[in-house]
Amino acid sequence: MKKEVVKQYSLVDNIKYAIKMLMQKDKMVVLLLVIAVFIEMLISLVSVYFPKFVVQQVEMSVGVVRLSSSILLAAIIIGSLYFISKFINTKANWHLITIQAEYIWDLYMHSITCPYMDVASARGQNKYQRAKDSVFQGDTGCIRTMIPAVLNISIGILGAIVYTLILLSLNWWIPLVLILLSLLSISVSSYCRNYEQKKKDSWVEIDKKLNYFINKCTDPSWGKEIRLFSMKKWLLGVIANCLKDREYWYNKVETKKMSAFVCNSTIIFIRDGISYFYLILCVAQGKIGISDFILYFNTIVNFSYWITKIVDQISILGTASNLVSDFRDFMELDSEKNKGKK
């Protein structure tokens with residue numbers, strides 16, 4: 001069987017497409033997402049400097065009332081930021097859910113308005129199946145996750161730059177090691193993602209068969225024929241074989257993901273372990289005080305958090321871009337050349 005060739009759109013083109021679609025359907029969600037990521041960045045910065053501030057206050061032997069007031073004020077600020085962040089994320093998620101429902105509707109309408117020869121052909125059916133898989137993904141549906149991933153990567157890069165500048169005051173090679181090992185982690189995730197996209201055609205046909213047989217089995221109009229010709233056992237056997245074939249590819253992809261997870265966890269352990277060991281060594285040698293140790297320790301923790309988040313979001317963005325390509329491949333199906341004579 002000839003392998004279905006899926007048109008590949010560039011990552012930049014898919015980002016532009018996703019932004020255009022979101023702006024057409026709901027401009028407010030973009031604003032909410034931007035505010036949410038900036039608040040998260042602000043919370044991260046406060047969490048870095050607040051512990052150092054408290055330790056410095058203790059070392060300066062300030063009064064209990066003054067120290068308690070400072071801690072209370074900081075707690076109110078951080079708590080308010082968390083509340084605002086939660087509220088905005090809840091609103092944004094609801095907007096994204098409704099937008100995803102609109103994409104599903106758009107896909108369905110295109111499938112019934114597109115010329116029959118396009119949709120009914122084997123090529124059209126494969127494209128339609130891939131497009132359905134791209135939107136029926138729950139929280140990971142194509143365009144729904146692409147723009148949040150872009151914003152998270154952007155703010156993550158900004159956060160990494162800020163924390164790099166802080167760590168440079170300690171030692172230049174600390175942020176260098178963190179960045180290099182993080183790039184290695186990104187490469188591992190990219191390999192896993194590319195493998196899944198490359199092998200996707202292997203289970204598209206299986207998904208198409210499963211959907212067909214399940215739809216027929218659950219269609220009341222087919223109940224009489226199934227009983228009359230004693231097809232129940234045969235249908236269940238066909239579905240079981242399809243599920244077995246689908247399980248094979250599911251396990252292969254999940255094995256790759258698990259291997260990538262183990263590699264990334266090892267890289268993170270080495271990356272953070274080197275940094276923490278150096279900090280402890282600096283304290284032991286009297287190069288930095290307790291307050292500076294807390295500052296740098298929290299900086300490394302947050303730097304690692306943002307780098308890990310960038311790695312995760314790049315993986316999510318790559319997956320979302322592949323899904324958007326599948327969605328666009330059907331929605332932008334060229335029907336003119338397949339039309340028959342009128």
Side-chain angles (χ1 to χ4, degrees), residues 35-86 89 151-186 264-314:
I35 294 173
V37 293
F38 272 103
I39 290 178
E40 185 177 0
M41 179 65 188
L42 187 58
I43 292 172
S44 178
L45 286 173
V46 172
S47 67
V48 167
Y49 281 99
F50 177 64
K52 179 184 178 180
F53 170 75
V54 172
V55 172
Q56 285 180 331
Q57 293 286 300
V58 173
E59 291 177 341
M60 294 168 58
S61 300
V62 300
V64 175
V65 176
R66 181 180 173 183
L67 180 61
S68 300
S69 300
S70 299
I71 294 175
L72 179 61
L73 178 61
I76 292 173
I77 293 173
I78 295 174
S80 300
L81 290 174
Y82 271 112
F83 176 80
I84 295 171
S85 176
K86 181 65 176 178
N89 278 313
L151 292 173
N152 281 318
I153 290 170
S154 301
I155 201 69
I157 292 173
L158 178 61
I161 292 173
V162 171
Y163 294 126
T164 297
L165 294 175
I166 296 174
L167 290 173
L168 283 174
S169 62
L170 176 64
N171 196 307
W172 65 269
W173 64 265
I174 290 293
L176 180 62
V177 169
L178 293 174
I179 292 172
L180 289 177
L181 289 176
S182 297
L183 291 175
L184 179 60
S185 181
I186 292 174
N264 284 333
S265 298
T266 303
I267 292 170
I268 291 172
F269 177 79
I270 296 172
R271 182 190 69 190
D272 294 352
I274 292 173
S275 303
Y276 297 146
F277 176 77
Y278 180 75
L279 276 182
I280 295 171
L281 190 63
C282 287
V283 173
Q285 294 176 349
K287 294 181 179 179
I288 59 175
I290 297 300
S291 60
D292 287 331
F293 171 81
I294 292 175
L295 171 65
Y296 291 127
F297 183 87
N298 285 327
T299 299
I300 292 173
V301 169
N302 281 273
F303 183 91
S304 299
Y305 166 77
W306 284 107
I307 291 295
T308 301
K309 186 165 186 174
I310 290 172
V311 173
D312 291 341
Q313 293 299 315
I314 287 176

Rounded to the nearest 0.5 angstrom, the CG-CD distance for Asn152 and Gln313 is 4.0 Å

Nearest-0.5 Å distance that lies between atom CZ in Phe297 and atom CD1 in Ile280: 8.0 Å

Assess the side chains of Tyr296 and Ser169: does a donor N or O sit below 3.5 Å from an acceptor N or O? yes

First locate atom CD1 of Ile77, then atom CG of Leu72, and finally report the distance between them rounded to the nearest 0.5 Å. 10.0 Å

Counting neighbours of OH on Tyr276 that are heavy atoms of other residues, nucleotides or ligands and sit closer than 6.0 Å, is the number greater than 12? yes

What's the spacing between Leu167 CG and Leu295 CG if we round to 0.5 Å? 8.5 Å

Between atom CG of Leu151 and atom CD1 of Ile35, what is the distance when rounded to the nearest 0.5 Å? 11.5 Å

Rounded to the nearest 0.5 Å, what's the gap from CG on Leu183 to CG on Leu178? Could you check? 11.0 Å

Side chains of Ile166 and Tyr163: closer than 4.5 Å at any heavy-atom pair? yes

Intermediate values then yes/no, side chain to side chain contact (heavy atoms under 4.5 Å, CB included), Phe303 and Ile179: CA-CA 10 Å; Phe303 183 91; Ile179 292 172; 3.9 Å; yes

Looking only at heavy atoms, the pair that brings Ser275 and Ile300 closest together is CB-CD1, 3.6 Å

Heavy atoms of Ile274 and Val177 approach each other most closely as CD1-CG1, 4.3 Å

Does Ser85 reach the main-chain N or O of Leu81 with its side chain, forming a donor-acceptor pair under 3.5 Å? no

Less than 4.5 Å apart, side chain to side chain, heavy atoms only: is that true for Glu40 and Ile43? no

List the steps and the verdict of side chain to side chain contact (heavy atoms under 4.5 Å, CB included) for Lys309 and Ile155. CA-CA 10 Å; Lys309 186 165 186 174; Ile155 201 69; 5.9 Å; no

Over all atoms of both residues, closest heavy-atom pair of Phe293 and Ile288: CA-CD1, 3.9 Å

Which is it for Ile174 and Leu279 under the side chain to side chain contact (heavy atoms under 4.5 Å, CB included) test, yes or no, and what are the steps along the way? CA-CA 10 Å; Ile174 290 293; Leu279 276 182; over 6 Å; no

Are Ser154 and Leu158 close enough, and set up right, to give a side chain to side chain contact (heavy atoms under 4.5 Å, CB included), and what steps lead you there? CA-CA 6 Å; Ser154 301; Leu158 178 61; over 6 Å; no

